[in-house]
There are 2 protein chains.
Amino acid sequence: MQTDELRINDALRAKETLIFSANCSIAYNGRAQSYLGFGDRLIMIKQDGTLLVHTPFGASPVNYMKGGATHRLKNVGGHLVITSRSSAQKEFMEITIRRIHFIESLTLLDQEKLLLAGTEKDMSDMIFENPSLISPGFRPLSREEHTKFGFIDVFGYDRDGDLVVVECKRDKADFAAVSQLERYVHRIKKAKGLSKVQGVIAAPTISANAETMLREKGYAFKRVEPPRFLEQYGKSQSRLGDF
Amino acid sequence: MQTDELRINDALRAKETLIFSANCSIAYNGRAQSYLGFGDRLIMIKQDGTLLVHTPFGASPVNYMKGGATHRLKNVGGHLVITSRSSAQKEFMEITIRRIHFIESLTLLDQEKLLLAGTEKDMSDMIFENPSLISPGFRPLSREEHTKFGFIDVFGYDRDGDLVVVECKRDKADFAAVSQLERYVHRIKKAKGLSKVQGVIAAPTISANAETMLREKGYAFKRVEPPRFLEQYGKSQSRLGDF
DNA sequence: GGGGAGAGATGCCGC
DNA sequence: GCGGCATTTCTCCCC
């Protein structure tokens, strides 16, 4: 126990990455409030102050504190208790520990950034380069435009000279996508004083209900798959260098 | 090295929770594609097959596989390589390991469920119990109603007998909240053949732009804080038992 | 720091 | 399974 206490304190002081497993209970108060009774969990405190509590199942942490939090270890009547505070968001967490299964700590060095392909931005780039994916004669003017009209994926003129707003979704488009498109179309109409602006959702699929709503409002759906730059990877691992 | 290989293989076979730190690179192909160059990371494989890769900074994993994935360890020319597959989503991940810093594995027992207060549902319950939070004379009919019209937080009649749709947000309301409210109001109007249905956003705050859009569409904003059942907790830790 | 929107979002619940 | 939506969403980017 004494050793555990020293080990955790040393890691926190040195701002190492600390990972341990413990039977513990957790109370949180901040943006919401939560309590979790005693059970075995993995707890990770990163070098930036991020704290994650993971149960043995599921992808998401059951409790967490964002980076910048400060952590303190106390010994309360023989039990170790970790308190974490984030002044930024007025958050507070308390981990009451019954038993520790293991403790590890070390400093991790990682300078790399994730390369990611197949995002919505990759879709809008692809459409900009291949406008016929939307319609014959489509002439894009801009992509990923952050203007006062909003953040519009692709925006241009169709064959008839009408303005077209294209909203891309990398997955199935839903009600929210239709609402978003409508919001952009209305803003463009108002800003440019136009009565006729086309709206297109470009996505691999669209839910039936969303498509009904889309048609009712006079917009169109165009099936477009997000580009898969590494399609060949699964077949040939030697192509990793292509990235 | 031989020991590391055995240790990881034993843990995977036994479906223990496995956590190790390694200098590694990561390739992913599935819903998208990604590549991450060599760096020090924490890797966690849970009892349900969830795999998480964490860098030393940030709350979110840089790479992951959802529960149900299967993991295999290979020795490729002296380097350990973990391959993970999820047949459900046709996903594939490959972790190439240069050096392992530590390995731990164990079986975690956790039966507890998180108790959480201060959610949007708590807000709609509170409004249902205290209708005057919306307006004097408001009479709620239902809460959290999952109908074919959609998922409506609170819905009832105002003092004048008009139908009212209330959309709650636990944080600042934004454009999306206004669009959502509008969608519900339109659907109710259509379904009931009404020309006049009120719409209210109940939230602690609303962004200035969203409020402008809200007013333009004839809806109202009502300031409501999500209920904080554990308000007292931060002041008096002895009250933990109240939960 | 706020606003706006994407995410390999995840997770929950209802049909 | 899909659909619809909340999330202590997190993260990024722009103003």
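Note: hydrogens, waters and symmetry copies are ignored here, and every other heavy atom, side chains too, is used. A, B, ... follow the sequence lines: proteins, then strands. Residue 1 opens every chain.
- Residue B/Lys121 is out of contact with every strand shown, counting any heavy-atom pair closer than 4.0 Å.
- Residues B/Tyr35 and B/Ser25 share a closest heavy-atom pair of OH-CB, 3.7 Å.
- For B/Asn63 against C/dG8, a side-chain-to-base donor-acceptor contact under 3.5 Å is present.
- Heavy atoms of other residues, nucleotides or ligands lying less than 6.0 angstrom from CD of A/Gln111 number 12 at most.
- Place B/Lys113 and A/Thr119 on DNA chain C by their nearest nucleotides, and A/Thr119 ends up nearer the 5' end.
- Remark: C1' of D/dA6 and CZ of A/Arg31 are 14 Å apart, rounded to the nearest angstrom.
- Across all their heavy atoms, A/Val164 and A/Val200 have their closest contact at CG1-CG2, 3.9 Å.
- Applying the 4.0 Å criterion to OP1 and OP2 of C/dA5, one finds that A/Arg183 has a side-chain N or O inside that range.
- Within the 4.0 Å cut-off from OP1 or OP2 of D/dC5, at least one side-chain nitrogen or oxygen of B/Tyr184 is found.
- Looking at heavy-atom distances under 4.0 Å, B/Val62 makes no contact with the nucleic acid at all.
- Contact record, B/Asp153 with B/Val166: CB-O, 3.3 Å, taken as the closest heavy-atom pair.
- Which of D/dC5, D/dT7, C/dG6 sits closest to the side chain of A/Phe175 comes down to D/dC5.
- Of the possible donor and acceptor atoms, one in the side chain of A/Arg170 sits under 3.5 Å from a partner among the backbone N and O of A/Gly118.
- Using a 4.0 Å cut-off, some side-chain N or O of A/Ser207 falls inside it from OP1 or OP2 of D/dG4.
- Here C/dA9 is the nucleotide among D/dT7, C/dG6, C/dA9 with the atom lying nearest to any side-chain atom of A/Arg170.
- Side-chain atoms of A/Asp171 lie closest to C/dA9 of the nucleotides D/dA6, C/dT10, C/dA9.
- One finds no salt bridge joining B/Glu91 and B/Arg85 here, because no Lys/Arg side-chain nitrogen approaches an Asp/Glu carboxylate oxygen to under 4.0 Å.
- Below the 3.5 angstrom threshold, one finds a donor paired with an acceptor across the side chain of B/Glu91 and the base of C/dG8.
- Among the nucleotides C/dG8, C/dA5, D/dT8, the one closest to any side-chain atom of B/Tyr28 is C/dG8.
- C/dG8 has its base stacked against the ring of B/Tyr64, the centroids being under 5.5 angstrom apart at an interplanar angle below 30°.
- Considering only side-chain atoms of B/His146, the nucleotide from C/dG4, D/dT8, C/dG14 that sits closest is C/dG14.
- Per the geometry, CG belonging to A/Asp174 stands 9 Å off C1' belonging to D/dG3, to the nearest Å.
- Annotation: D/dC5 and C/dG8 have their P atoms spaced 23 Å apart (nearest Å).
- Distance, A/Glu120 CD to D/dC13 P: 14 Å, rounded to whole Å.
- Under the Watson-Crick and G-U wobble criteria, each requiring two contacts below 3.5 Å, nucleotide C/dG11 is paired to D/dC5.
- If you take CG of A/Leu114 and C1' of C/dA7, they are 12 Å apart, rounded to a whole angstrom.
- Across all strands shown, B/Gly118 has no heavy atoms under 4.0 Å from either base or sugar-phosphate atoms.
- OP1 and OP2 of C/dG8 both lie 4.0 Å or more from every side-chain N or O belonging to B/Lys66.
- Of the two residues near DNA chain D, A/Asn209 and A/Ala32, the one whose nearest nucleotide lies more 5' is A/Asn209.
- Judged by distance alone, the side chain of A/Asp48 and the main-chain N or O of B/Gly58 form a donor-acceptor pair under 3.5 Å.
- Spacing between D/dT8 and C/dG14 at atom C1', rounded to whole Å, works out to 25 Å.
- Phosphate contact (OP1/OP2 of C/dG4, side-chain N/O of A/Arg187, threshold under 4.0 Å): absent.
- Per the geometry, CD1 belonging to A/Ile152 stands 15 Å off C1' belonging to D/dC14, to the nearest Å.
- For the pair A/Asp153 CG and D/dC13 P, the interatomic distance rounds to 16 Å; values are reported in whole Å.
- Applying the 4.0 Å criterion to OP1 and OP2 of D/dT8, one finds that A/Ser34 has every side-chain N and O outside that range.
- Taking atom NZ on B/Lys172 and atom P on D/dT9, their separation rounds to 13 Å, with Å as the unit.
- Considering only the side chain of B/Gln180, D/dC5 comes nearest among C/dG4, D/dC5, D/dG3.
- Both B/Phe57 and A/Ala176 sit near DNA chain D, but only A/Ala176 has its closest nucleotide nearer the 5' end.
- Here the C1' atom of nucleotide C/dA7 and the CG atom of A/Leu116 are 9 Å apart, to the nearest Å.
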